Number of protein chains: 2
Amino acid sequence: MIKDDARGVALLQYVLNRYGLFMGRPIRTRRQATLASLAAELGVSRTTVSNAYNRPDQLSPELRRRVLETARRLGYAGPDPVARSLRTRTAGAVGLLLTENLSYAFRDPAAVGVLEGLALACEDAGVGLHLVPASPGREDVAAVHRAGVDGFVVYSVPDDDPHLAAVLARPVPTVVIDQPAIEGVDRVGPDDAAAITELAGHLVDLGHHQVGVLCMRLSRDRNDDFASVERQRSAHFHVQRTRLSALAKKFEAAGVAWSTVPVVERFEHTVDEGASGARQLLDAYPQVTALICTSDILALGALAEAGRRGLRVPGDLTVTGFDGIAEATRAGLTTVHQPVLEKGKAAGKLLLATNEHMTPRVVTLPTELRVGATSGPPRTAEELWFGP
Amino acid sequence: MIKDDARGVALLQYVLNRYGLFMGRPIRTRRQATLASLAAELGVSRTTVSNAYNRPDQLSPELRRRVLETARRLGYAGPDPVARSLRTRTAGAVGLLLTENLSYAFRDPAAVGVLEGLALACEDAGVGLHLVPASPGREDVAAVHRAGVDGFVVYSVPDDDPHLAAVLARPVPTVVIDQPAIEGVDRVGPDDAAAITELAGHLVDLGHHQVGVLCMRLSRDRNDDFASVERQRSAHFHVQRTRLSALAKKFEAAGVAWSTVPVVERFEHTVDEGASGARQLLDAYPQVTALICTSDILALGALAEAGRRGLRVPGDLTVTGFDGIAEATRAGLTTVHQPVLEKGKAAGKLLLATNEHMTPRVVTLPTELRVGATSGPPRTAEELWFGP
DNA sequence: GTGAAAGCGCTAACAA
DNA sequence: TTGTTAGCGCTTTCAC
């Protein structure tokens, strides 16, 4: 009985809808066709219509043709993706959390490379890539909850970011890139400590003892200034913290007291800010012979500033970067190259591999020290007095 | 009665689930908590739990606290986004269709600019940006149907692409960028014809009559070769077709028979392919005095090739581009600048503006001819014989 | 090859 | 302030 009533109502509703009416209301917009209305129009069951789209082999070609034909006539574009997702429990998309400024993400070739790699992996698997709107400023975590995705990739996010916490709370798999290890979460990234230690070794071997560092933002609060050792230690950006601590360790081992090494921080990650950071550092510490930058973008700015000051590179000043972006290569920068495209791809593959795995997986990417034309031995005392 | 039965079953199911059981089945994985199970646990209705998340003012702070607390205890991360989307009829995301190779989209600064602008607009509105996995090769349109989005932005897609047709069939608003006008669809783009006509005028004024053109792919089939007038006319990439026909018109008006103008096409949009295209064109038509490229990327390649041949620019050869990307500016390229970031932003705003509008809206972006150091008067006959 | 029944997990009138 | 009711549009056993 109940079923019959329900059907009767559904039918009535359907008829009204067809004529652009709502129950008891004046004419409005014509309702969209649904799988049910299509079935009613055809006089078949919803199953059959569903099969026409999802299991073509489950019904006669003739019937299928009729279904599709009628669908076209009614302007029905196929099963509603959201309803399907609810029913099948898969969204067909992965989310990307990226709390940095978008302008950073799209302007740093290294970040774009990661994005591209991830997008490629998604494309291969036929799943969408959902960019979660999460600006660093906004505390509103709702966007994370609203994202209909089967998993998340988290990239370049401070470890105390509320969005990250929100992602981890969601009952879907997660992969982090360049982030600290998290219990039960897959991880992708280079061995930052080893890579920059090798770079530091290169500088030590050249004879540098008076070094300075130019790094990206260490925490969510802005500090376009020198960063104390304490601030370095408590940095919330894993990559920066790791690189700084590895540098500290290496230089301490080489007899350089880390507390005497100036570290300048910049919130915005641009070439101009790199130049400004280099200016600030060199103004205060003109005796520095090597400027270690934690990214190529910053290093390019430092090179520009060196040029502005009339410093020859590497004669007067050694400059190094990190990432190995194309423009750095063209500039002959000494840097550490990391395979950014692979980073994104690996993250995507990890997330999309359905393999049941017990322990969280870790992909460590190879890096390569690329000695370019911007690093050389420091000025000696004689050179300082008598010229090179 | 029926209702009571349903509740009884739900309750039983819930109790079983809590203990990691399925009805009649052995132990499996513990089911995820849902709004309903949370409500049962608390002894309140589902509405109340829903309100705790969506309408905090609809219940007492104390009860809300209890709900959230219990949610945490049960590992409930908030209402399922897909179910919510189904119910509210909004996905909180816009789709981006981009059938070009992803590697193109992420490597051309102009395309990245559009992407960034769109992402910024989405972020402002708090909606996600869903990249639809649609490689140019795959005919499989399912990804378009599977995308749970409230609207689509279509960028740089051939007008006969099946993915585009699939998007238009979906009952959601759509905005196209750099695409031909489509009945009932909003559109964003520069006035390509006017822009390149101005550029052509600049060349005509300089006295160029022997020109050649290097353009991006015209259709989905690969043709790394000269493009006949017929092929130009029937191109499926709107932007390329528009630019070529505007050039034809302008040069015909200046007394140049377009059929005599060599047009070389390249499928891949890279600097290297630009160089190879220039090589092919100049090998066959060494008398050309101006090479018009339909993008800066191609033009940069052409410049490289000119250098390789020992041609001075603009003394021996004038080269022009289109887009106004940063690297082109640095190279002093004569080009047409278009505001790519604004293009993406405008598309996003158009899509997200809920304003009821009757007629499709069109945003025409301003362009600017930027005369750089790569365009000058052609060699005269005397110069050819006696040197400049 | 086709259909009936049972939800997926949630929200939003409307009632109490 | 809280609960009841009625689906959103679809897929999927399981019968027929």
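Fair warning: this is a prediction, and the values are worked out from it, not measured in the lab. Order of the sequence lines fixes the chain letters, A, B, ..., with proteins taken first and strands second; residue numbering starts at 1 for each chain.
- Between B/L129 and B/V94 there is a side-chain heavy-atom pair separated by less than 4.5 Å.
- Set against D/dG9, D/dG3, D/dT11, the side chain of A/T34 has D/dG9 as its closest nucleotide.
- Listed pair A/R89 / C/dC8 fails the phosphate criterion, with no side-chain N or O lying under 4.0 Å from OP1 or OP2.
- The interatomic distance linking A/L63 (CG) with C/dT2 (C1') rounds to 9 Å, in whole Å.
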Nucleotides 12-16 of chain C: which of its N/O atoms have a protein N/O under 3.5 Å away?
from: C/dA12; atom 1: N6; to: B/T47; atom 2: OG1; distance (Å): 3.0

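- When side chains are defined from C-beta on, A/F106 counts as touching A/L115, because their heavy atoms get closer than 4.5 Å.
- When the nearest nucleotides of DNA chain D are assigned to B/S45 and B/A83 by heavy-atom distance, the more 5′-ward of the two goes with B/S45.
- Within the nucleic acid shown, B/L59 comes within 4.0 Å of sugar-phosphate atoms alone, with no base atom in reach, counting heavy atoms only.
- Side-chain nitrogen and oxygen atoms of B/Y76 include at least one within less than 4.0 Å of the OP1 or OP2 phosphate oxygen of C/dC10.
- Residue B/Y53 is classed as having no contact, given no heavy-atom separation below 4.0 Å to the nucleic acid.
- Nucleic acid contact for B/V44: sugar-phosphate only, since backbone atoms but no base atoms lie under 4.0 Å from a heavy atom of the residue.
- Comparing D/dG9, C/dC10, D/dG3 by their nearest atom to the side chain of B/P79 picks out C/dC10.
- In this entry the distance linking CG of B/D80 with C1' of C/dC10 reads 8 Å, nearest Å.
- One atom, CG of A/L35, and another, P of D/dT12, lie 12 Å apart when rounded to the nearest Å.
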